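In what follows, chains are A, B, ... by sequence order, proteins preceding strands, each numbered from 1. Predicted model only: the values in this text are computed from it and were never measured.
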Amino acid sequence: MPRPLSHRFFRRHTLQVAPDLLGCEVWVRRPGERVRRGRIVEVEAYRGFDDRACHGWRGETPRLRTFFGPGGHAFVYITYGIHAMLNFVTEGPDYPSGVLIRALESIPAADGPPLEADMRGPGLLTRAMGITRGLDGSDLRSGPVRARPGGLRPGERIATSTRVGVEYAGREAAALPWRFFIAGNPSLSRGRPTNPDRAAEFLAQRIRRRTEANHD
DNA sequence: CGGTCGATTAAT
DNA sequence: TTAATCGACCGC
């Protein structure tokens with residue numbers, strides 16, 4: 001694949017990394033299998049000790065080892081005993097932060113047919129891409145899971161909303177507009193709020209522009 | 001050492 | 001609206 005996203009890319013502020021991942025490509029190669037690809041259309045940011053929806057807010061535990069490590073690695077954990085969640089670790093080390101990949105769009109592959117499976121949800125996409133707990137901790141630049149630079153197509157806009165399923169974490173965390181998605185994209189996770197918060201959308205665009213200005 | 005609870009999904 | 005399903009975590 002072309003040059004994967006660098007460690008430097010992931011070791012920036014999580015709220016810059018998250019929107020920048022929209023349009024990028026996730027690439028998974030499992031032993032003896034063809035590469036599986038998808039285009040990122042929805043993500044969520046989880047960041048630090050003050051974000052009570054962030055698993056790491058209370059401190060490091062064995063399960064969160066990768067999450068507390070340096071940015072640029074895949075953090076995979078199981079939720080509800082069933083679903084693998086794919087996160088890209090950001091910032092760090094010793095600062096819990098990352099981006100949850102919530103939905104992928106099928107894209108044509110140069111070397112074969114596109115992945116047809118439904119990837120409109122964090123648990124669905126890991127199943128479709130063959131991502132398991134065993135990939136936890138792998139290096140996003142050189143390991144079996146990588147991200148390739150991408151971008152928005154003409155007319156595509158980034159929108160934000162509150163994160164999904166974090167009401168348990170309390171009002172403050174639940175109110176943060178840290179879900180980023182490509183507005184109106186048909187591959188967004190289903191049954192979820194898709195109405196963008198306009199003020200937050202504006203903020204996200206500003207963050208994005210500043211990031212591009214500092215592009216390496 | 002046991003009770004509780006998910007960054008979800010699919011079926012009722 | 002709820003079952004599935006299990007490991008991590010917390011509290012006793």
Side-chain angles (χ1 to χ4, degrees), chain A residues 10 13-15 17-19 21-22 24 26 38 40-69 71 73-92 95-106 115-137 140 145 147 159-182 185-197 200 204:
Chain A
F10 291 104
H13 194 293
T14 308
L15 294 181
V17 176
L21 281 170
L22 295 175
C24 293
V26 175
I40 301 174
V41 298
E42 177 181 341
V43 300
E44 281 173 357
Y46 289 87
R47 182 173 194 267
F49 301 98
D50 296 326
D51 173 12
R52 297 214 170 191
C54 175
H55 288 333
W57 77 273
R58 288 192 234 211
E60 186 174 351
T61 65
R63 163 201 190 219
L64 299 172
R65 184 178 155 72
T66 300
F67 196 52
F68 273 78
H73 295 261
F75 168 49
V76 182
Y77 71 92
I78 307 298
T79 190
Y80 294 96
I82 304 171
H83 307 290
M85 298 285 112
L86 172 64
N87 298 257
F88 292 165
V89 180
T90 57
E91 308 186 50
Y95 186 75
S97 56
V99 177
L100 171 68
I101 309 302
R102 287 193 56 87
L104 298 177
E105 177 185 78
S106 192
L115 199 50
E116 302 280 2
D118 186 358
M119 300 191 282
R120 295 177 294 173
L124 294 176
L125 75 88
T126 54
R127 188 173 69 185
M129 297 284 284
I131 292 167
T132 62
R133 184 93 226 275
L135 299 181
D136 178 58
L140 290 174
V145 182
T160 71
S161 75
T162 56
R163 296 169 294 181
V164 175
V166 300
E167 295 76 15
Y168 73 92
R171 195 172 146 183
E172 191 179 349
L176 296 173
W178 287 5
R179 172 170 174 255
F180 301 83
F181 55 99
I182 297 177
N185 188 286
S187 297
L188 298 175
S189 60
R190 298 166 298 178
R192 310 297 185 195
T194 53
N195 293 339
D197 176 299

Next item on the list: Could you grab the distance from atom CD of E44(A) to atom OG1 of T14(A), nearest 0.5 Å is fine?
Entry: 13.5 Å
Notebook entry, point to check: Within this structure, what is the CD-to-C1' distance between E60(A) and dC9(C), rounded to whole angstrom?
Noted result: 15 Å
Checklist line | Rounded interatomic separation in angstrom, taking CG from L176(A) and C1' from dA7(B) | finding: 14 Å
Checklist line | Whole-Å distance separating the CG atom of L125(A) from the C1' atom of dA7(B) | finding: 12 Å
Notebook entry, point to check: Is a side-chain donor or acceptor of R179(A) paired with a backbone partner of E42(A) at a separation under 3.5 angstrom?
Noted result: no
Next item on the list: Select base, sugar-phosphate, or nothing to describe what R63(A) touches, counting heavy atoms under 4.0 Å on all strands.
Entry: sugar-phosphate
Check: Do S97(A) side-chain atoms and T90(A) backbone N/O form a donor-acceptor pair below 3.5 Å?
Finding: yes
Note to self: Please check: side-chain N/O of D51(A) versus main-chain N/O of A53(A), any donor-acceptor pairing under 3.5 Å?
What the structure shows: yes
Notebook entry, point to check: Should the heavy atoms of other residues, nucleotides or ligands under 6.0 Å from CZ of R52(A) be counted, would the total exceed 12?
Noted result: no
Note to self: Please give the stem ranges for DNA chain C, sorted by first residue number, where a stem is three or more consecutive Watson-Crick or G-U pairs and both donor-acceptor distances are under 3.5 Å.
What the structure shows: B:1-6 with C:6-11, B:8-11 with C:1-4
Check: Quick one: CG on L100(A) to CH2 on W178(A), what's the gap to the nearest 0.5 Å?
Finding: 14.0 Å
Check: Atom CD1 of I131(A) to atom P of dA7(B): distance rounded to whole Å?
Finding: 18 Å
Margin query: Distance check needed: dT9(B) C1' versus L188(A) CG, whole Å only.
Written below: 17 Å
Margin query: I want to verify a distance call: between dC9(C), dT8(B), dT9(B), whose nearest atom is closest to the L124(A) side chain?
Written below: dT9(B)
Check: If we take the P atom in both dT5(C) and dT12(B), what is their distance in whole Å?
Finding: 14 Å
Notebook entry, point to check: For atom C1', what is the distance between dA10(B) and dG7(C), given to the nearest Å?
Noted result: 22 Å
Checklist line | Nucleotide nearest L64(A) (side chain, heavy atoms from C-beta), chosen from dC9(C), dA7(B), dA10(B) | finding: dC9(C)
Note to self: Can you see whether F181(A) has R102(A) sitting over its ring - NZ or CZ less than 6.0 Å from the centre and within 45° of the normal?
What the structure shows: no
Note to self: When you measure from the side-chain N and O atoms of Y80(A) to the phosphate of dA7(B), is any distance below 4.0 Å, counting only OP1 and OP2?
What the structure shows: no
Notebook entry, point to check: Is R127(A) near enough to dT8(B) that one of its side-chain N or O atoms lies under 4.0 angstrom from OP1 or OP2?
Noted result: no
Margin query: Tell me which residues in residues 50-59 of chain A lie within less than 4.0 Å of DNA chain C, going by non-hydrogen atoms.
Written below: R58(A)
Item checked: Any R133(A) side-chain N or O less than 4.0 Å from OP1/OP2 of dG7(C) -> no
Check: What nucleotide, of dC9(C), dA10(B), dA7(B), holds the atom closest to the side chain of T61(A)?
Finding: dC9(C)
Checklist line | 5'-most by nearest nucleotide on DNA chain C - H83(A) or I78(A) | finding: H83(A)
Next item on the list: Would you please name every residue forming a salt bridge (Lys or Arg N to Asp or Glu O under 4.0 Å) with R120(A), sequence neighbours left out?
Entry: D118(A)
Check: For L86(A) and dT8(B), what is the distance between atoms CG and P respectively, to the nearest whole Å?
Finding: 14 Å
Item checked: Between C1' of dC6(C) and CE of M85(A), the distance in whole Å -> 14 Å
Checklist line | Nucleotide nearest I82(A) when distance is taken to its side chain, options dG6(B), dT8(B), dA4(C) | finding: dA4(C)
Note to self: Please classify the nucleic acid contact of L100(A) as base, sugar-phosphate, or nothing, using heavy-atom distances under 4.0 Å.
What the structure shows: base
Checklist line | Distance, rounded to the nearest Å, where R65(A) contributes CZ and dG7(C) contributes C1' | finding: 18 Å
